[in-house]
Amino acid sequence: MSETSPKLRAELEGIPTYKPGKPAAAGGPVAYKLSSNENPYPPLPGVLESVTGAAASFNRYPDMACTGLMNELSDRFGVPLTHLATGTGSVGVAQQLIQSTAGPGDEVIYAWRSFEAYPIITQISGATSVQVPLTSGEVHDLDAMAAAITDRTRLIFVCNPNNPTGTAVRRAELERFLDRVPSDVLVVLDEAYREFVRDVEVPDGVEFYRERSNVCVLRTFSKAYGLAGLRVGFAIAHEPVAAALRKTAVPFGVSQLAQEAAVASLRAEDELLGRVGSLVCERNRVVESLRGQGWTVPDTQANFVWLRLGERTVDFAAACEGAGVVVRPFPGEGVRVTIGEDEANDIFLKVTAEFRKDL
Ligand SMILES: *Cc1c(COP(=O)(O)O)cnc(C)c1O
């Protein structure tokens, strides 16, 4: 063996590794996974059939242009095909957006705490993260984000609703913010949880894309549509951003199984959105119960709730695990808990009630 190892890019040093939600313990009494914001419902029979059908030809490469899915999305959103790009989950598309806009010396602005993929994909590109703290109400501080823009800013993420706090920014404040962003800086509205939003003042980012050439909307099939394991998401963006996304895509990244499942899901949307409605009811029940127990819970528009537990975070996560639900701790800050099966939510609420007594 030679003495020296291959030279790797210095930017890779110190990149935090993405922490997947912990799986539910196998073999335990009851164990529910509330750590990854997944959809607890199993695949719809029709969607499953489309995937098993596509499986018969996985010796072939997928349709690289994702033609069927692109056509479906184009009709559904009323956007030209040239304004669409698909990718390996919306995280994949987000990474392509950074690759397309930012490199060493450039800055990427986002709120913090927000989606944990942002610092990772920013650092991989060699660009610098500019993290702007959330307000005391756990909401994006859009004024501070606008003030953080410099002539090196290339991309700004607005995670709406925000992962992990669930809070969402409203139309008027987002509009005011967008007015302050120079038109050569790309604003990415990451709307992974859009389908769970019930506050009518929270805008559909597509409205802003239609009016502004520097706005890009990111959506995913992983959450409301229940396809997390298949890896497919997409962006709606103007040329040349959408064209850049097609250039930076991993060839054949989106499998044929994922493409077929996404099309089948869009066609079964009524049923899927019915499930989302049930999850939203559960979310409201959980939030009300927590507040009834005396907890401060930020208003969530997503499929999870956030408890700022500070130093008690790790203990609380351990208590949850002991009771049969796995949650997502951010040590020293808080826990994010996905709305899951009704029984799982009940277990979580039992733990919070017990924990409350000791606070
Ligand atoms: C879950 C999530 C995504 C979606 O990830 P996929 O790669 O599409 O599975 C994107 N953004 C945020 C903020 C998320 O929480």
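Atoms within a ligand are numbered from 1 in the order they appear, just like the ligands themselves. Side-chain atoms are counted along with the backbone in the values below, which use heavy atoms only and exclude waters and symmetry mates. When a residue number appears, it is its place in the shown sequence, counting from 1.
Look at Gly233 and you'll find every heavy atom at least 4.0 Å from all atoms of ligand 1.
For Tyr209 and Phe77, the gap between ring centers reaches or exceeds 6.0 Å. Not less than 6.0 angstrom separates the ring centroid of Phe348 from the ring centroid of Tyr32.
The two residues Leu97 and Leu186 make their nearest non-hydrogen contact at CD2-CD2, 3.9 Å.
Using a 4.0 Å cut-off between charged side-chain N and carboxylate O, Asp346 and Arg285 make a salt bridge.
Backbone and side-chain nitrogen or oxygen atoms of Thr88 are examined, and none is located within less than 3.5 angstrom of a nitrogen or oxygen of ligand 1.
The side chain of Tyr193, and not its backbone, has at least one atom closer than 4.0 Å to an atom of ligand 1 (non-hydrogen atoms only; side chain from C-beta on). Contacts between Ser222 and ligand 1, counted as non-hydrogen atom pairs separated by less than 4.0 Å, involve the side chain only. Counting heavy atoms under 4.0 Å from ligand 1, residue Asp190 touches it through the side chain alone.
Between Phe115 and Tyr118, the ring-plane angle classifies as perpendicular under the 30° and 60° cut-offs.
The only option from Ile149, Asp151, Leu155, Thr153 that meets the side-chain contact (heavy atoms from CB on, under 4.5 Å) definition with Glu107 turns out to be Thr153.
Atom 2 (C) of ligand 1 has its nearest heavy-atom neighbour, among Glu116, Glu191, Lys223, in Lys223.
The contact set between ligand 1 and Ala192, taken as ligand atoms under 4.0 Å from a residue heavy atom, comprises 2 (C), 3 (C), 10 (C), 11 (N), 12 (C), 14 (C). The distance from ligand 1 to the heavy atoms of Cys159 drops below 4.0 Å at these ligand atoms: 13 (C).
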